[in-house]
Amino acid sequence: MNIIKLSDSVINQIAAGEVVERPASVVKELLENAIDAGASRIELTTAAGGKSLIRIRDNGKGIRQQELKLAVLRHCTSKLTDDLLDIKTLGFRGEALPSIGSIARLKISSRTALSETGWEIVVDNGSLIEPAPSPVNQGTIVEVSDIFIKTPARLKFLKSDRAEASAITDIFKRMALAFPHIHFSASGSDRSSLDYPAGNLITRIGQVLGSEFIDNALKIESEREGIELTGLVGLPTYNRGNALHQYFFVNGRPVRDKQLLGAVRGAYSDFLPYGRHPVLSLFIDLPPNEVDVNVHPAKADVRFRDASLVRGLIVGSIKRAILDAGHRSSTEGGTKMAAAFRPGRPQSRNANHSASDFDKNFSAQWNQFSPQSNNGNLNDYHTNSSFEEASFAPSGQTEIVDGETPSLNSHPLGAARAQLHKNYIVSQTENGLVIVDQHAAHERIVYEAFKKAFDKQLPSQILLIPEIIDLPEEDVDRLVAASDDFSKLGLKLEKFGQGAVAVRETPALLGEVDTKKLVLDLVDELAEWGNSNGLSDRLEYVAATMACHGSVRSGRILKADEMNALLRQMEVTPNSGQCNHGRPTWVELDLKDIERLFGR
Ligand code: ADP
Ligand code: MG
């Protein structure tokens with residue numbers, strides 16, 4: 001066996017395997033170079049998702065003629081520093097250009113301020129073409145065409161043009177957010193054009209995430225042990241179907257890191273269900289020796305020295321901001337009318353005694369929880385099955401409540417006046433009217449009740465006939481492993497032979513519930529989260545899932561005292577301004593606004 005040294009072109013190709021995963025990674029490297037060159041204007045052009053063309057033009061300091069050849073040589077960099085912990089530039093490895101040149105045709109045209117003419121150099125899939133004069137303005141144009149054309153195996157792994165184009169857009173947006181004082185634009189046959197003139201951070205966030213986001217975002221500004229967290233986080237009601245609209249920056253670099261995504265998920269866990277994700281832009285600044293942002297050249301992972309401190313700061317700051325915002329919920333889709341309907345005012349006047357009221361109310365609810373006691377309490381939803389027939393209003397649609405109940409008007413959520421479309425409670429308050437989504441409101445109340453009782457034993461309802469549910473063995477194991485937690489919440493189940501569980505009792509709070517559906521949802525929950533989460537985290541998800549099952553369905557006709565009971569319960573329930581799915585549970589219209597609507 002002979003040991004030989006690999007040729008430069010092979011070494012470059014191996015490096016390219018790490019640096020250049022897909023067109024978006026090329027874009028990331030080239031944008032970084034343009035930023036490092038001090039550009040104030042950067043233009044990106046792509047075609048076919050970057051597969052056939054990526055071109056980046058900047059007005060930075062340019063590359064001198066005699067250095068063009070060095071720029072495309074491996075481990076050649078102008079950004080050298082002896083202290084890898086103290087890197088002020090985005091690049092420092094001197095790896096990007098040679099790697100890109102080894103797997104595509106790379107053309108660099110550049111001119112410095114002092115040079116009479118520009119020069120260009122080409123590296124075509126590893127072979128260098130000598131520099132030649134080129135008529136360009138000051139700055140640099142880097143053109144990468146036909147990526148992976150000589151390595152069809154890697155070309156095959158790329159996704160559709162559309163998917164690659166959107167990965168490029170994602171990187172572009174992250175970079176643009178990190179450097180708001182640079183004018184960024186993007187265009188090409190594979191995309192709709194983007195143009196972000198230079199501005200400050202807030203204007204840039206507005207350009208990238210939309211001005212609606214700014215209207216629906218909360219400001220974060222906190223600090224703990226030298227770690228600073230700033231940025232804007234969206235209200236829970238302003239949510240999305242994926243986590244792509246979450247932007248993180250560590251010491252000014254865009255990163256996309258599992259721990260950070262996880263911390264955000266934790267922060268919003270009380271306010272958002274599965275499948276919905278907040279929108280945010282968060283900047284973490286910390287001493288360089290507290291973090292390693294260069295774990296891998298292509299990956300955006302970071303390594304924090306004290307990861308739990310960072311997590312705690314993120315979770316704590318976001319939760320506090322949301323709680324401080326109280327009942328403010330999304331203004332999205334606001335017309336003049338909808339704008340007049342405000343999500344209710346914060347319940348500050350209740351704030352100092354709400355916890356104890358909640359406790360009282362809560363235990364009262366339990367004490368009354370028996371099929372015999374039907375006194376207009378919220379429990380009637382579950383225990384009195386006859387009220388549905390009994391309370392049909394003449395129209396079959398609307399329960400109208402006659403007469404004045406002035407004492408109730410003074411409650412924040414007022415006195416129930418009518419139920420519309422079997423789901424909306426209209427109530428009269430001192431200064432206007434409130435409309436409540438009864439399904440959403442009840443879901444929130446049940447969820448908070450569950451959470452409140454995590455450290456107690458919640459009552460259960462014994463099923464006359466245990467429900468046997470067939471499941472894959474691994475799901476059975478998961479359920480059984482979590483059965484102690486479930487039991488606390490009132491759900492009692494046990495293994496029932498091979499591949500089945502028997503459910504014997506269900507949480508009383510849920511009333512009648514589709515047991516099988518509930519258990520299957522819980523299984524999904526457990527499978528997704530595994531055992532990695534702490535008990536309390538997991539309980540919250542379990543509670544949210546359960547609450548969803550037990551909620552008063554829309555379509556239930558309620559009597560006046562039932563409606564009022566629901567309103568009173570909402571007033572003492574924390575975070576009752578929105579349901580677990582982040583939708584508002586009630587909106588308020590002020591008398592002044594009503595008058596304004598009618599032009600009075
Ligand atoms: P690194 O960025 O790690 O130094 P690269 O391979 O990305 O390595 O770039 C090599 C060198 O080429 C850089 O150090 C820089 O001097 C020069 N360079 C690359 N792109 C530009 C640009 N757009 N403007 C000016 N100089 C550039
Ligand atoms: Mg670079």
Side-chain angles (χ1 to χ4, degrees), residues 8-9 11-21 23-45 54-115 118-123 126 128 131 134 136-144 147 171-172 174-175 178-179 182-186 252-254 293-300:
D8 279 351
S9 81
I11 292 174
N12 284 337
Q13 278 188 40
I14 293 172
E18 287 188 358
V19 179
V20 185
E21 218 175 337
S25 14
V26 172
V27 171
K28 170 175 175 278
E29 294 294 337
L30 299 184
L31 288 175
E32 288 185 350
N33 282 347
I35 293 163
D36 282 345
S40 62
R41 175 108 177 73
I42 300 176
E43 296 164 60
L44 163 71
T45 312
I54 295 166
R55 185 195 299 123
I56 289 183
R57 178 219 285 272
D58 70 59
N59 63 356
K61 64 180 193 294
I63 308 173
R64 283 182 297 175
Q65 178 198 352
Q66 59 272 38
E67 276 168 351
L68 266 180
K69 271 172 93 165
L70 282 179
V72 297
L73 266 188
R74 192 163 166 72
H75 298 311
C76 289
T77 174
S78 58
K79 305 166 192 171
L80 192 66
T81 159
D82 289 332
D83 183 1
L84 278 181
L85 278 178
D86 189 32
I87 294 162
K88 303 248 162 32
T89 52
L90 293 165
F92 63 91
R93 289 185 168 83
E95 245 172 9
L97 294 180
S99 300
I100 295 166
S102 75
I103 49 93
R105 183 186 148 91
L106 167 72
K107 179 165 118 181
I108 304 172
S109 324
S110 194
R111 182 173 149 193
T112 60
L114 297 177
S115 164
W119 289 82
E120 68 177 45
I121 190 170
V122 172
V123 186
L128 187 119
S134 164
V136 287
N137 294 328
Q138 192 203 324
T140 305
I141 303 172
V142 180
E143 215 173 270
V144 178
I147 187 172
I171 291 280
F172 177 83
R174 285 173 201 283
M175 285 295 182
F179 298 93
I182 299 177
H183 183 166
F184 282 87
S185 51
R253 281 167 185 266
V293 282
N294 299 299
V295 178
H296 187 282
K299 301 274 176 347

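Counting starts at 1 for both ligands and their atoms, in listed order.
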Is the shortest side-chain heavy-atom distance between Leu106 and Val72 below 4.5 Å?
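Yes, close enough: below the 4.5 Å cut-off.
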Is there a side-chain contact between Thr112 and Ser115 (heavy atoms, below 4.5 Å)?
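Yes, side chains in contact.
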Out of all atoms in ligand 1, which are within 4.0 Å of some heavy atom of Ala96? Include the element for each.
6 (O), 7 (O)
Return yes when Gly60 approaches ligand 1 closer than 4.0 angstrom through a heavy atom, no otherwise.
no
Other residues, nucleotides, ligands: >12 heavy atoms within 6.0 Å of Arg64 CZ:
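Result for CZ/Arg64: open.
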Taking everything shown except Arg174 itself, do over 12 heavy atoms lie less than 6.0 Å from its CZ?
yes
Should the proximity of [X] to ligand 1, defined as any heavy atom under 4.0 Å, be assigned to the side chain, the backbone, both, or neither?
X: Glu95; value: backbone
X: Ala71; value: both
X: Leu97; value: both
X: Asp58; value: side chain

Gap separating the CD1 atom of Ile141 from the CG atom of Asn59, nearest 0.5 angstrom
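Ile141 atom CD1 to Asn59 atom CG measures 11.5 Å (nearest 0.5 Å).
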Distance in Å, Glu29 CD paired with Ile56 CD1, rounded so as to fall on 0.5 Å steps:
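Taking CD in Glu29 and CD1 in Ile56, the distance rounds to 10.5 Å.
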Do any N/O atoms on Glu29 end up under 3.5 angstrom from N/O atoms on ligand 1?
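No; the residue has no nitrogen or oxygen that sits under 3.5 Å from a nitrogen or oxygen of the ligand.
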